[in-house]
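For reference, positions follow the sequence shown, starting with 1. Order of appearance sets the numbers: ligands from 1, and atoms from 1 within every ligand.
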Amino acid sequence: MESAADKLDTVHANIARVCKPSRRKPEDVILIAVSKTHPVERITPLLDAGHRVFGENRVAEAQSKWPALREKYPDVELHLIGQLQSNKAEEAVELFDVIHSLDRPSLLKALVKAMDKTGRRVPCFVQVNIGDEEQKGGCPIAGLPEFLAKVREAGIPLAGLMCLPPSGTEPAPFFAFLAKLSKGNGLADEAAGLSMGMSGDYETAVQLGATHIRVGTALFGARG
Ligand SMILES: *Cc1c(COP(=O)(O)O)cnc(C)c1O
C-alpha cells in the first residue's frame, strides 16, 4: 500500500508539473491536507513526513483532535474550510490559523467580536457561492462587492476568495471566474489568495491561479 509520504510526494509532484507551463512557483501553492473524519492515527504519518498545513471542516471535531497533536507538532497551521456558525466564531478563532468560510455579515460581526476578545487576528477568505446554488454556503456573486467593502471596513485580515464549484460539473470555468472576481474587486497582495481545488481538480485549480488547494482523499484515501 502507498504510504502517506508517497501520497504526499505524488501530490507535490503533480503541483510542480502543472506549475511549470503556467510559469508558477510550486512553493506559491499551499497544500492544505484535509483531515476531516480521519482519526489522529491517520494524520500522524503525514506530520511525520514533514507536512504541517491541515484543514478541518468542523470546529468540534478539530477541537477533539488538534490540541493534542499540536503539543507534539507546535508548528502546525490549521485551516477551517467548512461552514461556520456565528456562535462558534470564538472557538474557531482560538483554534484555527486561517478561516476559509466567511460568507455573511452576521458571521463577520461574530468574527470581529471574537478577534477583539481573544486578541488573535485570523486571516479569512471570503467564500463565494460561485455556482449560485440555493443550498450552498458562500456570499452571492451579486453581493460580493458590498460584502468585501464590509470586511475591509471591519478591519479583519482578508486572505482572498474561496469557492467550491457545483459538483458534477466541469470546474475550470468556476475557478477562472473566481480569479476574475478577485482581480475585478481589486484584491491585491495578502488579500489576493484563491482557495480552490480539491482532490479531483487541484491541478486545474493550480493552472488557473489557486494559491491554496484543499486536498483530502488524494492524501488520506476515501472517507468512511
Ligand atoms: C472535504 C473538503 C475538501 C477535500 O475534498 P477531497 O475531495 O477529499 O479532496 C475540500 N474542500 C472542502 C470545503 C471540503 O469540505
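- Heavy atoms of other residues, nucleotides or ligands lying less than 6.0 angstrom from CD of Glu133 number more than 12.
- Test Glu56, Glu61, Lys65 against Ser35 for side chain to side chain donor-acceptor pair (under 3.5 Å) and you get one pass: Glu56.
- The CD1 atom of Ile141 lies 4.5 Å from the CG atom of Asp132; values are rounded to the nearest 0.5 Å.
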Provide, line by line, the atom pairs where ligand 1 and the protein bring an N/O atom each to a distance under 3.5 Å; else say none.
residue, atom, partner, partner atom, Å
ligand 1, 8 (O), Thr217, N, 2.8
ligand 1, 8 (O), Thr217, OG1, 2.6
ligand 1, 8 (O), Arg223, NH1, 2.8
ligand 1, 8 (O), Arg223, NH2, 3.2
ligand 1, 9 (O), Ser199, N, 2.9
ligand 1, 9 (O), Ser199, OG, 2.5
ligand 1, 9 (O), Gly216, N, 2.8
ligand 1, 11 (N), Arg214, NE, 2.9
ligand 1, 15 (O), Lys36, NZ, 2.7

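- Between Arg52 and Asp97 there is no salt bridge, since no side-chain nitrogen of the basic residue lies less than 4.0 Å from a carboxylate oxygen of the acidic one.
- In this structure the side chain of Asp116 never reaches within 4.5 angstrom of the side chain of Lys113, judged on heavy atoms.
- Classified by interplanar angle (parallel below 30°, tilted 30° to 60°, perpendicular above 60°), the ring pair His100/Phe125 is parallel.
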